[in-house]
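Just below is one structure, and these are the notes that go with it.
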Amino acid sequence: MASQEQNHLHFLVIPLGSPGHYIPTIDIAKLLAQHGVQVTIISTPVNTIRFGSILDQAIQSGLSITFLELPFRYREFGLPEGCECLDDLPNFSYAKALMEGYASLQILVEQHIEKLERKPDCIVSDSFMLWAGETAKKFQIPRVIFDGMNCFTQMCNHMLYLSKVYENVGDSDTFVVPGLPDCIELKKSQLPFTFNSGSRHNSDFSEKVRISEAEAYGVFVNSFRELEQEYADEYKRVKGDKVWCIGPLSLCYKDATEQVQRGNKSSINKNECLEWLDSRETGSVIYACLGSISRVEPDQLVELALALEACKMPFIWVVRAGHKSEKIEKWIDENGFEERTKDRGLLIRGWAPQLLVLSHPAIGGFLTHCGWNSILEGICAGVPMVTWPQFQEQFYNEKLVVQVLRIGVSVGAQNVVHLGEEEKSGVVVKSEDFKKAIEILMEEREDRRKRAIELSMLARKAIEEGGSSHENLRQLIEDIRNQTKIKDVS
Ligand code: UDP
């Protein structure tokens, strides 16, 4: 696949230390290398092992991917030893220190670039890594950003930013996001931090991200055109064509050994997990997982657990409450929940092998917090979803899943629960609400399932040679090669 000229290109990839960003960025690195590009991933010691090991096989097979492992100065930034990722932090109040730790890598990256005989042809960086924009400017390297969101979200943000429609409404008033192909109704209380920061005022950072994004050469999107065509086309128009939908990225892992390694060491043995799933009927299991960084309050998790029990169907529940784990474990133990549901419930404490689980035929529904990676992984598996958005752009994602794609049922959450503010919110969704949504999804699911399966087939086509995402990546590489040629001539 790779021509000599393609081999010549060198991309520097700079991920952000949060699983929902790091995981797909590693996938981008793999895809670029599959297209013949030489890739260097800027990394830190723990993250190299945690996120990088999935690439071992690809590297052994000859793909040109190198990790530039830089030291991470935990102590200097007040971080516990070994904490390089948002979900490792004792709590969210350390997030700022983590970002400062990442910013301290800038100088090391620049020293590395200075020493290179030939500068990288492109920087692919997470849009929250603002310093990467400065570095790109300094060395005049085109920068393609990645923020892990879809085109639907980008357009919602764009239209809200332009119209400011949310400014003149009360928190719980419903309004229509103007200028979109669908009639998308939201409440201000459901909007991401940028438009709804609540008591915390950090619009400064959001504004810096917005400016840095506007200065970037272009944007990678983990989505595929056929999924959200009108939004993808419109976003492209808004960004002067420099948008490349190259997903679904998770589809670059075909075998179970790789799938089980994605994002972290799985807390359950692969065979044990597969045996449990194999023993269930096709489409009978509901899989509940709330992503990597949400820290839902134990009392709220109890409501979810009771609903899973009351639904009387097989389930997998990924239990993760960070520093609040002890409290939920105490409830599980004292309440006898695990014992009572042991014939049909599997609890995974820690990290679930999500790709492996979702792609098993026993899975009939996915209760998700609406993180975009999770949703797209659900779509790839052809699994309809119960949507329980929590923070950031997750209420947009719910609209996309439930209203636009019509492959989901909402639990009816009303407000964003900002990261680190979970305690303030307490219980917002009751057990009956979860139960109702799960039952509707599992009992009346044929239409939704049919659509989800159709989308999963389109997703697979998009990443094949000649498919839209495959072609988009090829075009981006072509585009960067042209940039390089122009630079070489001038
Ligand atoms: N994930 C996983 N196992 C877990 C939790 C999360 O593999 O137990 C992966 C999931 O497959 C997805 C990512 O972590 O790729 C989470 O990203 P998402 O955008 O869904 O949510 P976030 O964690 O950013 O809120």
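All residue numbers refer to positions in the sequence shown, counting from 1. Read the numbers this way: they start at 1 and go in the same order the structure lists the ligands and their atoms. Values in this document were obtained by computation on a predicted structure and should not be read as measured data.
In terms of protein heavy-atom proximity, atom 24 (O) of ligand 1 is nearest to G20 CA, 3.4 Å. Among all non-hydrogen protein atoms, the one lying nearest atom 6 (C) of ligand 1 is W351 CH2, 3.5 Å. Annotation: atom 5 (C) of ligand 1 to nearest protein heavy atom, R320 NH2, 3.2 Å. Ranking protein heavy atoms by distance to atom 15 (O) of ligand 1, first place goes to E377 OE2, 2.6 Å. Scanning the protein for heavy atoms near atom 13 (C) of ligand 1, the closest one is I23 CD1, 3.9 Å. If you check which protein heavy atom lies closest to atom 20 (O) of ligand 1, you get S374 OG, 2.5 Å.
Both the backbone and the side chain of I293 come within contact range of ligand 1, each with a heavy atom under 4.0 Å. In F391, the part holding a heavy atom less than 4.0 Å from any atom of ligand 1 is the side chain.
Considering only heavy atoms from C-beta on, V318 comes within 4.5 Å of Y287 through its side chain. Taking 4.5 Å as the limit, every side-chain heavy atom of F11 sits out of range of all side-chain heavy atoms of I28. Contact of the D126 side chain with the I14 side chain is not registered, since no non-hydrogen atoms from C-beta on lie closer than 4.5 Å. Considering only heavy atoms from C-beta on, I41 comes within 4.5 Å of L55 through its side chain. Residues L376 and F224 meet the side-chain proximity criterion, which asks for heavy atoms closer than 4.5 Å. Using a 4.5 Å heavy-atom cutoff, the side chains of S267 and R349 are not in contact. Between F146 and N222, some side-chain heavy-atom pair lies under the 4.5 Å cut-off. The side-chain heavy atoms of P24 and N373, taken from C-beta on, include a pair separated by under 4.5 Å.
At a 4.0 Å cut-off, not a single heavy atom of H21 sits close enough to ligand 1 to count as contact. Residue contacts with ligand 1: H369 is included, with a non-hydrogen atom under 4.0 Å away.
Ring pair F193/H418 is perpendicular by interplanar angle, where above 60° counts as perpendicular and below 30° as parallel.
For A352, a nitrogen or oxygen atom sits less than 3.5 Å from a nitrogen or oxygen atom of ligand 1, counting backbone and side chain alike.
Residue Q354 has at least one heavy-atom neighbour below 4.0 Å for each of these atoms of ligand 1: 2 (C), 7 (O), 10 (C), 11 (O). Those atoms of ligand 1 with a heavy atom of R262 less than 4.0 angstrom away are 15 (O). Here is the list of ligand 1 atoms found below 4.0 Å of a heavy atom in W372: 19 (O).
Heavy-atom proximity to atom 23 (O) of ligand 1, evaluated over C289, S292, P353, is greatest for S292. By heavy-atom distance, the residue among N264, N373, L290 lying nearest atom 17 (O) of ligand 1 is N373.
To the nearest 0.5 Å, atom CD1 of residue I328 and atom CG of residue D333 are 11.5 Å apart.
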